[in-house]
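Shown next, in structure tokens, is the structure this report addresses.
As a basis for the values below, the full set of heavy atoms in this structure was taken, side chains included, without hydrogen atoms, waters or symmetry mates. Numbers restart at 1 for each chain; the letters A, B, ... are given by sequence-line order, proteins then strands.
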2 protein chains.
Amino acid sequence: MTAQHERLRIGGKPLRADAERTVHTILEAAERVLLVDPTATMEQIAEAAGVARTTVHRRFATREALIDALTRWATAQFAAAVDGAVSDAVPPLVVLYRVTADVLRVKIGWGFAMDRAGSSADPEISRVHAEVLAECDRFLRRAQATGLLRSDVDIVWARRCYYALIHEATKGGTADADIDTLTTLIVDTLLRGFGTAAAQSTGS
Amino acid sequence: MTAQHERLRIGGKPLRADAERTVHTILEAAERVLLVDPTATMEQIAEAAGVARTTVHRRFATREALIDALTRWATAQFAAAVDGAVSDAVPPLVVLYRVTADVLRVKIGWGFAMDRAGSSADPEISRVHAEVLAECDRFLRRAQATGLLRSDVDIVWARRCYYALIHEATKGGTADADIDTLTTLIVDTLLRGFGTAAAQSTGS
DNA sequence: ATAACTTGCGACATTAATGTCGCAAGTTCT
DNA sequence: AGAACTTGCGACATTAATGTCGCAAGTTAT
């Protein structure tokens, strides 16, 4: 939970209070601006942060470094949300609700960083994401074993759809912002789909 | 079906055969390159097309014009696919299969252009997409009336999920390329979701 | 208080992409 | 065959973003 904003310009020296605040402000502004326009310039980011362009460069050596830091920050929160919500001591359905809600909370507000996290060059980020992904698959298998999911579903496809639903739900900005409603919608869709019981297509 | 590649550099004059081929080659190359890296340069596109950079500029005045043409091209195919598959004279489930398969065919191979089509500045493109969207909603309502979809589902959310599923299915390049399998997977997921009949979360 | 640190500002160097031109060589059409 | 057109090539102008520096003024910590 401690504000630990990744590798900065200077090695590992602790930052003074004001500098720390500045870094935060920049990251938040970057998220906001880059979500709207992924090709936004340092200038625009600096402006959105209410800071001089040179200051941004002082904190993040290059544009790439800034985006990397942003991605690391969001990834850490994402992993924390998942780790905190998944537990074998709780019924899968409850876990599903909890983890969905927690992930939504992170993804709203860090959408840009989360989206590009999957295709990051940073090995550390890739590692964390792969871990979360594996944890997700593990959970889905448990849900299958418990009878929450049908036994004939492909776990990988199910996981991809789950991710896609979450992604879809976080679109449209703050318009449909009630986390609990969204969570219910996602879980409901994931489990039941949209069809009636009567007209079901039978797989091969 | 005629090759009608949008507004080019010069007004409306018909192109010579070789020029026509070049335009095609460039559009295809652009799709391929931009899918991998949306910030790819004219140089990279030209190279991928096996053409000089100046030739690209001769055909498309600006980078934006090129992307616009690409988007128009893909959008036209998309609309044609949907229009050709949707019919009130056929049971909704059959339409669902047909339209899904046809759209998949377009979206595989024109993924970049299709993705950015939604947020295009060109009013013509927006119009066509809005039309398709409306047609989709109309179809979903019919499916609901027929009893294919539950009567309590939100049409807009259902449509968004349908789009998202198609999008998800076209990820990963040519790996999982069997259209019919993908179509079945999508329709099945859309209608049934992943849960068992036993453990269903009941909406509010 | 004072040393260390941070920020804004303005100036600067560098790089990379865009877009334009004219010309020579090759292609298409009739 | 000959006119019209297209392409590659090399050169050029322009623009915009990146990244660096030093200095003066303000802030933080001790």
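Not one side-chain nitrogen or oxygen of Thr22(A) sits closer than 4.0 Å to the OP1 or OP2 atom of dT6(C). Between Thr54(B) and dT20(C) there is no side-chain polar atom (N or O) within less than 4.0 angstrom of OP1 or OP2.
In this view, Leu133(B) and Asp137(B), Arg159(B), Tyr163(B) satisfy the side chain to side chain contact (heavy atoms under 4.5 Å, CB included) rule, not counting sequence neighbours. With sequence neighbours left out, Glu28(B) forms a side chain to side chain contact (heavy atoms under 4.5 Å, CB included) with His24(B), Arg32(B), Trp110(B).
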Classify every nucleotide of nucleotides 23-30 of chain D by which part a protein heavy atom approaches to under 4.0 Å, writing B for the base, S for the sugar-phosphate alone and - for neither, in 5'-to-3' order. ---BBSS-

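Comparing Met42(B) and Ala52(A) against DNA chain C, the residue whose closest nucleotide sits nearer the 5' end is Ala52(A). Between Glu43(B) and Val51(A), the residue whose closest nucleotide on DNA chain C is further toward the 5' end is Val51(A).
Each salt bridge (Lys or Arg N to Asp or Glu O under 4.0 Å) pair with one or both residues in residues 78-100 of chain B, not counting sequence neighbours, appears once here: Asp88(B)-Arg142(B).
A salt bridge links Lys107(A) with Asp115(A): the closest approach of a Lys/Arg side-chain nitrogen to an acidic carboxylate oxygen falls below 4.0 angstrom. Ion pairing between a basic and an acidic side chain is recognised when a charged N comes within 4.0 Å of a carboxylate O; Arg127(A) and Glu131(A) show such pairing. Ionic pairing of Arg21(B) and Asp18(B) is not present here: no N-O contact between side-chain nitrogen and carboxylate oxygen is shorter than 4.0 angstrom.
At least one side-chain heavy atom of Leu93(B) sits under 4.5 Å from a side-chain heavy atom of Val187(B). Counting only heavy atoms from C-beta outward, the side chains of Ile67(B) and Leu34(B) approach each other to under 4.5 Å.
Between Arg116(B) and Thr71(B), the side chains place a donor N or O and an acceptor N or O closer than 3.5 Å (distance only, hydrogens not considered). Using a 3.5 Å distance cut-off with no hydrogens or angles, the side chains of Thr100(A) and Tyr162(A) do pair a donor with an acceptor. Side-chain polar atoms of Thr39(B) and Asp37(B) form a donor-acceptor pair below 3.5 angstrom.
Within residues 28-41 of chain B, no residue approaches DNA chain D, by heavy-atom distance under 4.0 Å.
A donor-acceptor pair under 3.5 Å links the side-chain atoms of Thr170(B) to the main chain of His167(B), judged by distance alone.
Nearest to the side chain of Arg53(B), among dG8(C), dT6(C), dG19(C), sits dG19(C). For His57(B), the listed nucleotide lying nearest its side chain is dG19(C); candidates were dG19(C), dG8(C), dT6(C).
Nucleotide dC29(C) holds its P atom 10 Å from the CD atom of Glu20(B), rounded to whole Å. We find that CZ of Arg59(A) is positioned 17 Å from P of dG19(D), with the value rounded to whole Å. In this entry the distance linking CD of Glu47(A) with C1' of dC9(C) reads 16 Å, nearest Å. The separation between Ile45(B) atom CD1 and dG19(C) atom P is 11 Å, rounded to whole Å. Atom CZ in Arg63(A) sits about 16 Å away from atom P in dA16(C), given to the nearest Å. Leu15(B) places its CG atom 15 Å from the C1' atom of dT27(C), with the value rounded to the nearest Å.
Comparing the axis of the opening five pairs of the helix from dA1(C)-dT30(D) to dT30(C)-dA1(D) with that of the closing five pairs yields an angle of 50°, rounded to 10°.
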